[in-house]
Amino acid sequence: MRSTQVLVSGGGPVGLAAAVELGRRGVECLVVEPRATVSHARPRCKTVNVRTMEHLRRWGIADRLRDRAPLPRGFSTDVVFCTSLVGRELSRFTGVLGLAAQGGRFPEVGQQAPQYVLEELLREVVLGLDTVTLALGSRVTGLLQDADGVTVRLDDTESVRADHVLGCDGPRSAVRELVGADYVGEHALRPNFGMVFRAPGLAERVPHGSAVQYWTVNPQAPALLGPLDPADGTWWVIAFGVDRATGERDGAALIDAAAGVPVGAEVLSTDPWTARMQLVDRASVGRVFLAGDAAHLNPPFGGHGLNTGIGDAVDLGWKLAAVLQGWGGPGLLESYEAERRPVQDRVVKAASENMRTLSGDLVADDLEADTPAGDAARRLAHQRIQEAKSAEFHALDLVLDVGVAGSPVVADGAGDRLPHAWLPDGRSLYDVLGAGYTLLAPPGFVGAALVDACARRGVPLAVAPLPDGDEALLVRPDQHVAWRGGHPPADPVALVERVTG
């Protein structure tokens with residue numbers, strides 16, 4: 001029987017991110033994925049947010065993603081609301097989705113990139129890790145836990161023995177079903193119809209300038225669309241309130257109505273969907289953990305779903321590595337739900353609130369009229385849009401300021417993401433952090449006892465100077481602060497025992 005330390009079911013972005021986090025730490029990992037190749041038919045997620053880009057920077061691949069993204073960095077930081085692509089502009093948001101720098105708040109701006117671009121990059125990274133095996137064309141069909149590990153059945157033909165299993169296999173997760181976890185929450189009632197289409201020359205006909213999203217507000221085609229690849233004239237669109245049958249029949253006409261002119265679009269793929277707002281009733285069962293869409297589902301508005309899943313993968317990755325390498329205790333794994341559940345819940349609620357106002361809800365009379373009534377209608381539409389949608393496009397508090405305060409494996413008063421800063425030599429503060437814990441010590445701080453406590457426990461610890469501030473910070477591998485203090489901890493051994501679970 002084949003064996004591995006961690007078996008990951010699902011080789012999408014979340015499962016691959018978990019494998020990268022584990023593999024870079026020397027953990028043996030088997031990723032099981034039914035798809036032999038990554039499909040380009042549906043772009044799915046298109047926003048790789050600031051926090052995910054920080055993880056990619058830590059893995060050394062942030063620039064590689066930017067180099068491959070069809071929309072280059074700086075393409076646009078705008079979202080436009082208009083009656084159609086060639087019609088009246090109603091409102092605009094600038095500096096959206098973390099695509100614009102905010103001083104030193106973060107080292108990496110967000111990046112617009114189709115999900116398949118990120119997934120292909122992560123596959124390449126995984127294939128370059130000696131400790132990770134990517135098993136394409138296979139799927140999990142059975143699972144049995146005992147006190148010492150998990151026996152996983154693949155394709156009903158082969159069994160693999162693993163210390164732990166990660167279910168990163170999406171909304172139809174086999175792992176979730178096999179451990180008896182269930183989604184709790186709601187389905188939206190309104191259908192939506194996604195398409196990818198090719199319309200060369202369309203961008204040049206849009207008078208509103210470049211934007212990453214255009215929301216069209218008209219009764220014929222209330223929709224959300226944007227450029228996918230300017231080089232070949234491909235776009236994505238979501239037609240709100242359109243069911244599968246209507247979309248399949250009238251797709252080209254819906255695109256023309258959203259554009260405001262006939263564009264002769266070639267529909268390349270379709271994707272009917274209905275939003276779900278759900279969390280699993282339990283995300284860990286013994287040695288099995290659920291992450292990404294297997295654990296939570298939210299509407300796509302705000303671009304949080306995939307990015308939240310990457311956060312799950314990072315949290316599980318470093319903690320599993322710590323336990324398997326002997327310096328992390330069981331409390332680390334027990335903290336997964338305590339730390340991630342509040343984040344997942346907050347994301348589901350925020351995305352659901354974003355869905356309360358879509359293009360069809362903004363349709364009004366006279367929006368196109370060149371009259372005083374038209375001017376008044378457009379002013380009112382602008383006011384409604386700004387009030388209803390600002391939180392969707394300016395949500396860095398949800399991306400960066402969601403900490404793990406109250407976690408059983410952080411000290412009181414800690415848990416926030418390490419505040420970022422640029423160092424005098426031009427480096428990011430994040431670039432001086434070690435792969436394990438890092439003690440950032442201000443001048444005069446005596447940390448010898450804490451260093452010794454980590455050494456005795458076998459906890460990997462780097463020490464780096466903190467040029468500003470009067471508090472020392474003990475930073476976790478995921479860049480969250482585990483402890484802070486103006487003086488050395490009174491009991492460094494107890495602190496190390498706590499933060500390592």
Side-chain angles (χ1 to χ4, degrees), residues 10 12-14 42-49 51-52 79 97 115 167-177 179-194 213 215 222-224 236 238-244 247 271-284 289-313 315 336-362 387-399 401-402:
V14 174
R42 298 179 179 91
R44 303 292 187 183
C45 168
K46 292 165 285 292
T47 297
V48 183
N49 73 17
R51 187 68 180 122
T52 297
V79 167
L97 303 171
Q115 178 172 316
C168 305
D169 43 355
R172 293 181 292 276
S173 169
V175 172
R176 186 186 64 251
E177 292 184 3
V179 298
D182 295 309
Y183 285 128
V184 177
E186 302 176 346
H187 282 75
L189 299 178
R190 183 164 48 182
N192 304 287
F193 193 77
Q213 295 180 10
W215 292 67
L224 164 60
W236 57 271
I238 299 171
F240 298 128
V242 174
D243 59 38
R244 178 191 293 267
D271 185 18
W273 58 274
T274 302
R276 296 166 64 178
M277 297 73 73
Q278 298 177 322
L279 293 171
V280 287
D281 54 3
R282 46 186 175 160
S284 62
F289 301 85
L290 302 174
D293 285 353
H296 48 87
L297 296 168
N298 59 265
F301 307 106
H304 299 297
L306 175 143
N307 295 289
T308 305
I310 299 292
D312 299 342
D315 188 273
Y336 170 62
E337 286 200 71
E339 294 190 354
R340 295 303 299 170
R341 184 78 171 200
V343 177
Q344 297 161 359
D345 183 57
R346 186 175 171 187
V347 163
V348 171
K349 289 176 179 176
S352 300
E353 182 64 26
N354 293 340
M355 191 175 63
R356 288 173 60 88
T357 304
L358 302 179
S359 296
D361 305 305
L362 298 165
E387 290 174 353
K389 304 301 282 184
S390 180
E392 179 171 341
F393 306 118
H394 299 292
L396 284 176
D397 58 330
L398 185 58
V399 173
D401 297 341
V402 178

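Just so we're clear, the structure is a prediction, and the values are computed from it rather than from any experiment. FYI, side chains are in, hydrogens and waters are out, and symmetry mates aren't considered; it's all heavy atoms of this structure.
- To the nearest 0.5 angstrom, Leu362 atom CG is 6.5 Å from Thr357 atom OG1.
- Minimum heavy-atom separation, Ala239 to Ala223: CA-CB, 4.2 Å.
- Across all their heavy atoms, Ala291 and Asp312 have their closest contact at CB-CB, 3.7 Å.
- Within the 4.5 Å cutoff, no side-chain heavy atoms of Asn298 are placed close to those of Gln278.
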Go through the steps for Gln213 and Phe393 under the test side-chain contact (heavy atoms from CB on, under 4.5 Å), then give the verdict. CA-CA 11 Å; Gln213 295 180 10; Phe393 306 118; 3.5 Å; yes
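- To the nearest 0.5 Å, the span separating CG on Asp271 from CG on Asn192 amounts to 10.0 Å.
- Side-chain contact between Leu279 and Val348 is present, with at least one heavy-atom pair separated by less than 4.5 Å.
- Counting all heavy atoms, side chain and backbone alike, Ala350 lies closest to Leu398 at CB-CD2, 3.7 Å.
- At a threshold of 4.5 Å between non-hydrogen side-chain atoms, the residues Leu297 and Met277 do not count as touching.
- Atom CZ of Arg244 sits in a sparse spot, with 12 or fewer heavy atoms from other residues, nucleotides or ligands closer than 6.0 Å.
- Between Leu358 and Phe301 there is a side-chain heavy-atom pair separated by less than 4.5 Å.
- The residues Asp182 and Arg282 are annotated as not salt-bridged, no charged nitrogen and carboxylate oxygen being separated by less than 4.0 angstrom.
- Residues Ala391 and Ala395 come closest through the heavy atom pair O-CB, 3.4 Å.
- Residue Val343 is tested with Arg346, Glu339, Arg340 for a side chain to side chain contact (heavy atoms under 4.5 Å, CB included); the sole match is Arg340.
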His304 vs Val399, test: side-chain contact (heavy atoms from CB on, under 4.5 Å). Steps then yes/no. CA-CA 8 Å; His304 299 297; Val399 173; 4.3 Å; yes
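- Here Phe240 contributes atom CZ and Arg190 contributes atom CZ; the two are 8.0 Å apart, rounded to the nearest 0.5 Å.
- Side-chain N or O atoms of Glu337 include one that pairs as donor or acceptor with a backbone N or O of Ser284 at under 3.5 Å.
- Distance check: Asp315 CG to Tyr336 OH gives 7.0 Å after rounding to the nearest 0.5 Å.
- With contacts defined as side-chain heavy-atom distances shorter than 4.5 Å, the pair Trp215/Lys389 qualifies.
- Of all heavy-atom pairs between Ala294 and Gly167, the closest is CB-O, 3.5 Å.
- Distance check, rounded to the nearest 0.5 Å: OH of Tyr183 to OG of Ser173 gives 7.0 Å.
- Taking 4.5 Å as the limit, every side-chain heavy atom of Val347 sits out of range of all side-chain heavy atoms of His296.
- For the residue pair Asn49 and Asn307, the shortest heavy atom distance occurs at N-OD1, 3.0 Å.
- Between Gln115 and Pro13, some side-chain heavy-atom pair lies under the 4.5 Å cut-off.
- Residues Ile238 and Trp273 have side chains in contact (heavy-atom distance under 4.5 Å, counting atoms from C-beta outward).
- By the 4.0 Å N-to-carboxylate-O rule, Arg341 lies too far from Asp345 to be salt-bridged with it.
- Separating the CG atom in Asp401 from the CZ atom in Arg51 is a distance of 11.0 Å, to the nearest 0.5 Å.
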Decide salt bridge (Lys or Arg N to Asp or Glu O under 4.0 Å) for Arg176 and Asp169; before the verdict, give the C-alpha distance in whole Å, the side-chain angles of both, and the deciding distance to 0.1 Å. CA-CA 9 Å; Arg176 186 186 64 251; Asp169 43 355; over 6 Å; no
Does the pair Phe289 and Val175 meet the rule for a side-chain contact (heavy atoms from CB on, under 4.5 Å), with working shown? CA-CA 9 Å; Phe289 301 85; Val175 172; over 6 Å; no
